[in-house]
Amino acid sequence: MSAIQDQVRRRRTFAIISHPDAGKTTLTEKLLLFSGAIQIAGSVKARKASRHATSDWMEIEKQRGISVASSVMQMEYRDCVINLLDTPGHQDFSEDTYRVLTAVDAALMVIDAANGVEPQTRRLLQVCRARNTPILTFVNKMDREVQEPLALMDEIERELGMGVVPFTWPVGMAKFFGGVLDLRKQQMRVFSPGEDKRHDDDEIIDGLANPLLAQRFGTAYEQAAGEIELVQEAAPAFDEAAFLAGRQTPMFFGSAINNFGVKEVLDALVDLAPPPGDKPAIQRTVGATEPKFSGVVFKIQANMDPAHRDRIAFVRVASGHFTRGMRLKVTRSGKEMRPNTVVTFLSQRRELLEEAYAGDIIGLPNHGVLQLGDTLTEGEPLQFTGLPFFAPEMFRSVEVADPLKTKQLRAGLTQLGEEGAIQVFRPVAGSVLLLGAVGQLQFEVVAHRLEHEYGCKARITPARYSVARWVTCDDAKELQRFIDGNAHRVAMDAVDAPCVLLEYAGELRAMQDNWPKIQFHALREHAGLVFQKQLDG
């Protein structure tokens, strides 16, 4: 086995997904804690506490106790290098989450045991299913009043359309929660509450039929034993091929806030989640163990270090062996880079990186050279596919409150547009910039960040538009004729892709009839390359 093959075999890259408040960021903290990456877990909800979740680093995240940006963390556990991506649960930031899901090989779905399958979970699962992403399920908050485990299992199967195979099973719930039975190891891990430190001393009772269990946990154990018998008779056995195809999910129970049930999940990620696989490009499929480096920019984040006004491009390594200072080519622009200050992450904390392999997430300082979706290679002209951009559904005009801060506003919006936090449109005719978003909260976050990171207060007011479509055409002259003829409602986005903005859906239908050669797109992949070629003719 070559050195590259060995390193790729050790990698596990996964995202944590859930509806808001299911406990996703808390679970992220506890996985870091159990892997030894951090010594003490931050409190996600204690907004005034001096400790915050490692993965929530933005000022607004600390104030509100929510995740509004995906964060990346790398850790080692059992001879595996684990790249963990914590995603925002709030639906207003679903675009960021969708793009992150293109950079992972598996997903860990967190379900609130009281609420079951919630709308955002359903939406994220659709994205995972479309990509055949393997999914592990963690049912959280078993130390509270929750639904019966059989009902939860049935709901997951019914709502998400996938088989569920329990790997652990709870004994009791709320104040009678006794622990979980590990069906693979045939033992029980006894529950003991405690939030901060690692529990290496959890009590383990061997044997699922051990008489001690009935003595200690009485009817709660007897009910759990009966449920397990029922499940094992009715449910299919774990099928690795079905799991890897996203058709079956292993299920675990626990309480992330109490560090309980987390170790079983971490072990399962190492044992079951696949190492990095092949990645499709327009030109060909790229193998993870190929010797030449390739990677794709799936996220750009401005001001991770506010003191340095930095922009970091997050690159998922697709193949080869990355070394610091190596010569790389940006396929879209043909520009060469020799990045020397490449970083790896523990959320906002970062360390200088010397090398990386397929599956790893590396951070390249970026000064406008890289865009979302860009492919980096050692020279081969490759373009990876699948990074989605969605037509916004809400629009606002944005102006600066103090005219002397116009330059800061432009710089701030350019950078926030590049990172995909919001879509920024420059009207072909007119000087007032337009913001497009999936949800209202995005506008609030942008206003907050413009003020606190760029020093300019923005006046954000409603715009009259409610429909946006990117436009393309096989005939470059026809496209230019369309842009000239509709200059009052055409705007350019962050990669200079033309977009038509309309007030009503009916206008779109009329426009499609009037311009039959023009294609109107509600979704674009990273296609700055395609649009630019069309505009250049």
Side-chain angles (χ1 to χ4, degrees), residues 13 15 58 68-72 85 87-88 92-104 127 131 279-282 294-304 310-318 328-335 337 339 342-343 345 361-377 382-392 411-426 435-438 442 445-446 449 468 470 472 491-499 521-533:
T13 304
M58 269 190 211
V68 302
S70 305
S71 49
V72 179
L85 288 83
T87 61
D92 285 11
F93 304 101
S94 52
E95 268 200 90
D96 192 28
T97 302
Y98 293 152
R99 288 195 282 265
V100 164
L101 289 173
T102 68
V104 300
V127 178
R131 301 178 60 81
K279 194 162 177 59
I282 291 171
S294 66
V296 62
V297 178
F298 68 93
K299 174 181 169 64
I300 291 175
Q301 186 72 56
N303 298 328
M304 285 186 75
D310 64 343
R311 274 179 283 171
I312 298 287
F314 290 72
V315 176
R316 152 78 192 228
V317 180
L328 298 176
K329 192 171 187 178
V330 185
T331 300
R332 172 184 52 81
S333 63
K335 288 184 178 174
M337 300 176 69
V342 186
V343 291
F345 305 94
I361 311 295
I362 60 176
L364 304 183
N366 175 42
H367 303 288
V369 175
L370 295 171
Q371 296 176 355
L372 282 169
D374 273 349
T375 299
L376 293 161
T377 70
L382 292 171
Q383 177 62 52
F384 289 116
T385 59
L387 199 74
F389 292 80
F390 299 90
L413 287 178
T414 299
Q415 293 186 16
L416 295 175
E418 281 175 3
E419 72 174 58
I422 196 104
Q423 294 196 43
V424 181
F425 296 95
R426 289 176 290 103
L435 303 181
V438 175
Q442 281 178 277
V445 169
V446 163
R449 291 184 65 186
W470 284 282
T472 61
M492 299 297 181
D493 73 0
V495 297
D496 285 331
C499 191
H521 308 275
L523 171 80
R524 77 166 173 86
E525 289 193 0
H526 171 67
L529 204 147
V530 178
F531 285 121
Q532 201 58 50
K533 279 182 178 168

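What's counted below: heavy atoms across the whole structure, side chains too, no hydrogens, waters or symmetry copies. Small disclaimer: the values here were computed from a predicted structure and weren't measured.
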| task | Taking only Lys NZ, Arg NE, NH1 and NH2, and the carboxylate oxygens of Asp or Glu, determine whether Asp493 and Arg426 approach each other closer than 4.0 Å. | result | no
| message | Please give me the minimum heavy-atom distance between Leu382 and Ala281, naming the atom from each residue. | response | CD2-CB, 4.2 Å
| said: Quick one: does any side-chain atom of Thr375 pair with a main-chain N or O of Thr331 as donor and acceptor, under 3.5 Å? | reply: no
| task | Would you check if Phe425 and Cys499 make a side-chain contact, meaning some heavy-atom pair closer than 4.5 Å? | result | yes
| Leu85 side chain reached by Phe298 side chain, heavy atoms, under 4.5 Å | yes
| field | Gap separating the CG atom of Leu376 from the CZ atom of Arg332, nearest 0.5 angstrom | value | 10.0 Å
| said: Check whether Gln383 reaches the backbone of Gly373 with its side chain - one donor and one acceptor, N or O, closer than 3.5 Å. | reply: yes
| query | Do Val315 and Val296 have side chains that get closer than 4.5 Å, going by heavy atoms? | reply | no
| Of all heavy-atom pairs between Val104 and Ala15, which one has the smallest distance, and what is that distance? | CG1-N, 3.7 Å
| query | Do Leu364 and Ile312 have side-chain heavy atoms sitting under 4.5 Å apart? | reply | no
| task | With rounding to the nearest 0.5 Å, note down the distance linking CG in Asp374 to NZ in Lys329. | result | 13.5 Å
| Any side-chain heavy atom of Leu435 sitting closer than 4.5 Å to one from Val424? | yes
| Pairwise distance NZ(Lys299) to CG(Leu372) - rounded to 0.5 angstrom | 9.0 Å
| Ala497 to Trp470 - nearest heavy-atom pair and separation | CB-CD1, 4.0 Å
| remark: Scanning both residues in full, the closest heavy-atom pair of Pro339 with Leu328 reads CG-CD1, 4.0 Å
| remark: For Lys279 and Ala318 the tightest heavy-atom approach is CD-CB, 3.9 Å
| field | Nearest non-hydrogen partners of Ala103 and Arg316, listed with the distance | value | O-NH1, 2.8 Å
| task | Would you mind reporting whether Leu370 and Val330 have side-chain heavy atoms less than 4.5 Å apart? | result | yes
| said: Going by side chain to side chain donor-acceptor pair (under 3.5 Å), name the residues that satisfy it together with Thr13, two or more places apart in sequence or in a different chain. | reply: Asn83
| field | Non-neighbouring partners of Ser294 that pass side chain to side chain donor-acceptor pair (under 3.5 Å), sequence neighbours left out | value | Ser319
